[in-house]
Amino acid sequence: MTARTTLRRRITARLVPATNRPTAGWHVVRVTLTYRVSDPYAVTMDIPTTPAPVTWLLSRELLADGLDACCGIGDVQVEPDPLGDTATWIELRDPSGLIGPALLRFCRADLERFLDNTDAMVPAGTEATRINWTRELELLAGGEVA
């Protein structure tokens, strides 16, 4: 049996422009979360939008920490729902400022299941053992490592 190297899950979320927080303008979207053993610190989040899908790269640790406390600075912030423990909010801010911030509301249990599955692939705290450091140095150097 071979070990799984990629986990991809489609999760339903509610998308609303952050300026309308939290009641107006809801759109139900099927967000795809992807985790790769080859990039063990990251989770890719693909959001179907018009005219083209949007992809965000999140820290797996940020996603996990945001289930229990407000965390994140800059473009991505994650926090539990202040009105209960059944939802988690992810706020995304376009660094270019061209698009206003967006807010996604996820079912907490869906995110917990996804994170539990990533943890089964690469336990939290062991990510550095999964990185090909020689390859990463080659990429940084723009060629082969001497």
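These figures come from a predicted structure and were not determined experimentally.
Legend: side-chain hydrogen bond (donor to acceptor under 3.5 Å, both in side chains) pairs involving residues 113-123, not counting sequence neighbours, sorted by first then second residue: R60-T118, D110-R113. For the side-chain hydrogen bond (donor to acceptor under 3.5 Å, both in side chains) condition, the pairs that include at least one residue of residues 36-47, sequence neighbours left out, are D46-T55.
Rounded to the nearest 0.5 Å, atoms CZ (F114) and CG (L7) are 5.0 Å apart. Distance check, rounded to the nearest 0.5 Å: SG of C71 to CG of L63 gives 8.5 Å.
Within the 4.5 Å cutoff, no side-chain heavy atoms of I90 are placed close to those of Q77. With a 4.5 Å cut-off on side-chain heavy atoms, E127 and T129 do not count as touching. D75 places a side-chain heavy atom less than 4.5 Å from the side chain of W56.
Looking at every heavy atom in both residues, L111 comes nearest to F106 through CD1-CB, 3.7 Å. Between R4 and M121 the shortest heavy-atom distance is O-CE, 3.6 Å. Taking every heavy atom of both residues into account, E79 and C70 meet most closely at CB-SG, 3.5 Å. The shortest heavy-atom contact between L67 and P80 is O-CB, 3.4 Å. Heavy atoms only, all atoms of each residue included: P40 and V122 are closest at CB-CG1, 4.2 Å. Annotation for L104 and V29: closest pair CD2-CG2, 4.1 Å, computed over non-hydrogen atoms.
Applying the side chain to side chain donor-acceptor pair (under 3.5 Å) test to R108 and every residue at least two apart in sequence or in another chain returns D68, E112.
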Exercise. Dump the intermediate steps for side-chain contact (heavy atoms from CB on, under 4.5 Å) on V43 and T34, then the final yes or no.
Key: CA-CA 6 Å; V43 171; T34 304; over 6 Å; no
Exercise. Please step through side-chain contact (heavy atoms from CB on, under 4.5 Å) for the pair L103 and L15, ending with a clear verdict.
Key: CA-CA 6 Å; L103 193 61; L15 173 67; over 6 Å; no
Exercise. Start with the C-alpha distance between V78 and W89, add both sets of side-chain angles, then the distance that settles side-chain contact (heavy atoms from CB on, under 4.5 Å), and finish with yes or no.
Key: CA-CA 6 Å; V78 183; W89 295 88; over 6 Å; no
Exercise. Could you give me the CA-CA distance, side-chain angles and deciding distance for T32 and R9, then say whether side-chain contact (heavy atoms from CB on, under 4.5 Å) is met?
Key: CA-CA 6 Å; T32 302; R9 292 287 183 266; over 6 Å; no
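With hydrogens and angles disregarded, no donor-acceptor distance shorter than 3.5 Å links the side chain of E61 to the backbone of S59.
No single ILVMFWY cluster, assembled from side-chain heavy atoms under 4.5 Å apart, contains both V37 and L57.
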